[in-house]
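To start, the structure under review is shown below, and the notes come after it.
Convention: sequence-line order gives letters A, B, ...; per-chain numbering from 1.
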Amino acid sequence: MREAEVPSAAEQLTTIASGVADIVPAEALQRKLERGVPLTIKLGVDPTAPDLHLGHAVPLRKLRQFQDLGHEVVLIIGDFTALIGDPSGRSTTRPALTPEQVEANATTYIEQAFKILDPAHTVMRRNSEWLAPLGFADILRLTSQFTVARIMERDDFQKRYREGVGISLHELLYPMAQAYDSVAIASDVELGGTDQLFNLLAGRELMEKLGMEPQVCITLPLLEGTDGVQKMSKSYGNYIGLTDAADEMFGKAMSIPDVLMVKYYRLCAALKVTEVDRVEAGLLDGSLHPNAVKRRLAREIVSLYHSEEAAAQAEEAFDRVFKRHEVPDDIPEVVVEPSDPAHLPAVLKAAGLAPTTSEARRLIEGGAVRIDGEPVVLDAGVFDVPWSMLAGRVLQVGKRRFVRIRA
RNA sequence: GGGGGUGUGCCCGAGUGGCUAAAGGGGACGGGCUGUAAACCCGUUGGCUACGCCUACGAUGGUUCGAAUCCAUCCGCCCCCA
């Protein structure tokens, strides 16, 4: 009875191809799908960054699509390769992690990954299972499958070599190690970011040399962060975290540039491809208002990581603050040592609304501070305010920072 | 091993003795407009209960009434030759 629900290879291909950067080679994937047997889909993750965001979620979502089409996922925790450090996109040798760090990161990774993946169709493996037991002879046999010229084709290696930046010998082995993962689990398909293409192809090549059916490589585009320019990353501060609170997540999603909306729909939401196509067309011909489209996107994302109710609440809270310019309903309360008159910059600092009193002064002078929604206007050089103006009231800085003052 | 260059605020980058808390740009923040998008306009961008004081131009120590600017030593980074 399940067979009746299984979409045709062509239909599956439409879903799989949505939003991806490349499928190498696409015909091979089609052939694999046509067999009608569940495929083994591989994703290797480096347990380097503990907190996942929507950028990390992109390949995970694609895996989930595969699962929903009836395929099996093997998630490989690169606990052994983490000791090498993936040189991809790096201009210097990556610092190796300690086994403890790797373990801790792996645990949080798995926890967050299962917000997306279907546990019933996911197998978790660690690549130390098969990489650690390899002897020197095994390594020689594996390395003999690759030529230096082939490995040095990688543009990040080339760049580093040309620029005289050191490349440790063990780094050259990274692609081979990852390739061997594919051999170990006999993957049909491996996913990765566009920067992973070389490593993915190494897997394909090694499998072929060892007489196996080679995997198909699917690359996914890098996701730009909320600033719309840099790729999403914690260090750029432009990320939407998988564990962000619903309100936060909604607000961040609303702040992405319009041009990125369709990409987010494709890569970060769980809608059917036909529905995403419809939204894209609607935006193009003007029948859908961008704001409405973005709201829906924000709701979809929050629903995925929290719930539909949470999404509805987040939208309501968003409207309250940003559309109707009202005070949100749950404002953190801060206890401030009363003084009369009160030195407003000191209060702002104490309340966590400004990092320094100097900054607080600037904000006051710039008209950024409100009490119970009313802008605070003081004479130049005056920063003292009667305590009665503050006690029990809502102190606001800018559009989104609120605090209720408690004596 | 030899020769040369360079180190400024979150980032890039001017500045070669006082007019420099340090031009200009980017970013960020705030205000306006708006759909918390983009674009655009304006303001702010070291600290301090503050018409003043303190700390800042890789580090330390000097010269000077006065130094980011001159000198010495040290540290970091980069380039060329071997």
Side-chain angles (χ1 to χ4, degrees), chain A residues 91-92 160 162-166 224-230 233-240 244-265 268 279 282-283 286-299 301-302 314-328 336-371 373-387 390 395-402:
Chain A
S91 51
T92 56
R160 280 165 63 178
R162 217 185 312 122
E163 291 173 358
V165 181
E224 291 86 350
T226 51
D227 60 358
V229 182
Q230 305 270 41
S233 141
K234 198 174 183 183
S235 51
Y236 294 137
N238 62 358
Y239 68 101
I240 303 179
D244 280 353
D247 288 359
E248 184 83 358
M249 206 177 244
F250 192 94
K252 284 182 179 177
M254 285 303 287
S255 76
I256 67 164
D258 286 7
V259 289
L260 241 47
M261 286 198 290
V262 172
K263 189 167 182 181
Y264 270 61
Y265 262 92
C268 304
V279 169
L283 279 171
S287 62
L288 292 175
H289 191 281
N291 187 249
V293 171
K294 199 178 282 180
R295 278 168 176 276
R296 181 175 173 199
L297 173 67
R299 275 199 310 273
I301 291 172
V302 175
E315 182 168 20
E316 166 55 25
F318 177 86
D319 281 347
R320 194 186 168 100
V321 176
F322 296 110
K323 207 172 166 189
R324 303 199 294 273
H325 301 291
E326 293 168 4
V327 166
V336 174
E337 193 66 30
S339 60
D340 207 357
H343 188 62
L344 194 50
V347 174
L348 287 168
K349 187 184 171 188
L353 293 171
T356 62
T357 57
S358 299
E359 174 70 9
R361 280 172 179 247
R362 279 181 228 120
L363 289 167
I364 295 164
E365 284 169 341
V369 178
R370 293 164 189 262
I371 295 173
E374 290 304 311
V376 172
V377 183
L378 299 173
D379 292 332
V382 176
F383 294 98
D384 284 343
V385 128
W387 178 248
L390 295 172
L395 198 54
Q396 174 184 357
V397 169
K399 291 193 179 90
R400 42 178 306 170
R401 280 174 279 169
F402 298 90

Rounded to whole Å, how long is the line connecting atom [atom1] of [X] with atom [atom2] of [N]?
{"X": "A:His289", "N": "B:rA38", "atom1": "NE2", "atom2": "C1'", "value": "13 Å"}
{"X": "A:Met254", "N": "B:rG35", "atom1": "CE", "atom2": "P", "value": "11 Å"}
{"X": "A:Arg361", "N": "B:rG52", "atom1": "CZ", "atom2": "C1'", "value": "11 Å"}
{"X": "A:Ile256", "N": "B:rG35", "atom1": "CD1", "atom2": "P", "value": "18 Å"}
{"X": "A:Ile364", "N": "B:rU45", "atom1": "CD1", "atom2": "C1'", "value": "16 Å"}
{"X": "A:His343", "N": "B:rU49", "atom1": "NE2", "atom2": "C1'", "value": "4 Å"}
{"X": "A:Asn291", "N": "B:rG35", "atom1": "CG", "atom2": "C1'", "value": "4 Å"}
{"X": "A:Asn238", "N": "B:rC11", "atom1": "CG", "atom2": "P", "value": "18 Å"}

### Message
A cation-pi test, strictly: NZ or CZ of A:Lys294 under 6.0 Å from the centre of the six-membered ring of A:Tyr264 and no more than 45 degrees from its axis. Yes or no?
### Response
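Pair A:Lys294/A:Tyr264 does not count as cation-pi.
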
Using the [atom1] atom in both, what is the distance from [N] to [M], to the nearest Å?
{"N": "B:rA56", "M": "B:rC41", "atom1": "C1'", "value": "33 Å"}
{"N": "B:rC71", "M": "B:rC51", "atom1": "C1'", "value": "39 Å"}
{"N": "B:rA68", "M": "B:rG76", "atom1": "P", "value": "25 Å"}
{"N": "B:rA23", "M": "B:rU45", "atom1": "C1'", "value": "15 Å"}
{"N": "B:rG24", "M": "B:rG43", "atom1": "P", "value": "12 Å"}

OP1 or OP2 of [N] under 4.0 Å from side-chain N/O of [X]:
{"X": "A:Ser358", "N": "B:rC48", "result": "yes"}
{"X": "A:Arg295", "N": "B:rA37", "result": "no"}
{"X": "A:Lys349", "N": "B:rC48", "result": "yes"}
{"X": "A:Thr356", "N": "B:rG46", "result": "no"}

Could you pull out the protein-nucleic contacts involving nucleotides 27-32 of chain B (nitrogen or oxygen on both sides, under 3.5 Å)?
| from | atom 1 | to | atom 2 | distance (Å) |
| --- | --- | --- | --- | --- |
| B:rC29 | O3' | A:Arg401 | NH2 | 3.4 |
| B:rG30 | OP1 | A:Arg401 | NH2 | 3.2 |

### Task
Return the 5'-most residue of the pair A:Ala342, A:Ser255 with respect to RNA chain B, ranking by each residue's nearest nucleotide.
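Going by which nucleotide is closer to the 5' end, it is A:Ser255.
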
Base-pairing assignment for [N] (Watson-Crick or G-U wobble, both under 3.5 Å):
{"N": "B:rG43", "result": "B:rC29"}
{"N": "B:rG1", "result": "B:rC81"}
{"N": "B:rG52", "result": "B:rC48"}
{"N": "B:rU20", "result": "none"}
{"N": "B:rA68", "result": "none"}
{"N": "B:rU73", "result": "B:rA59"}

### Task
Kindly point out which of B:rU45, B:rU49, B:rA37 is positioned nearest to the side chain of A:Thr357?
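Nearest to the side chain of A:Thr357 among the choices is B:rU49.
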
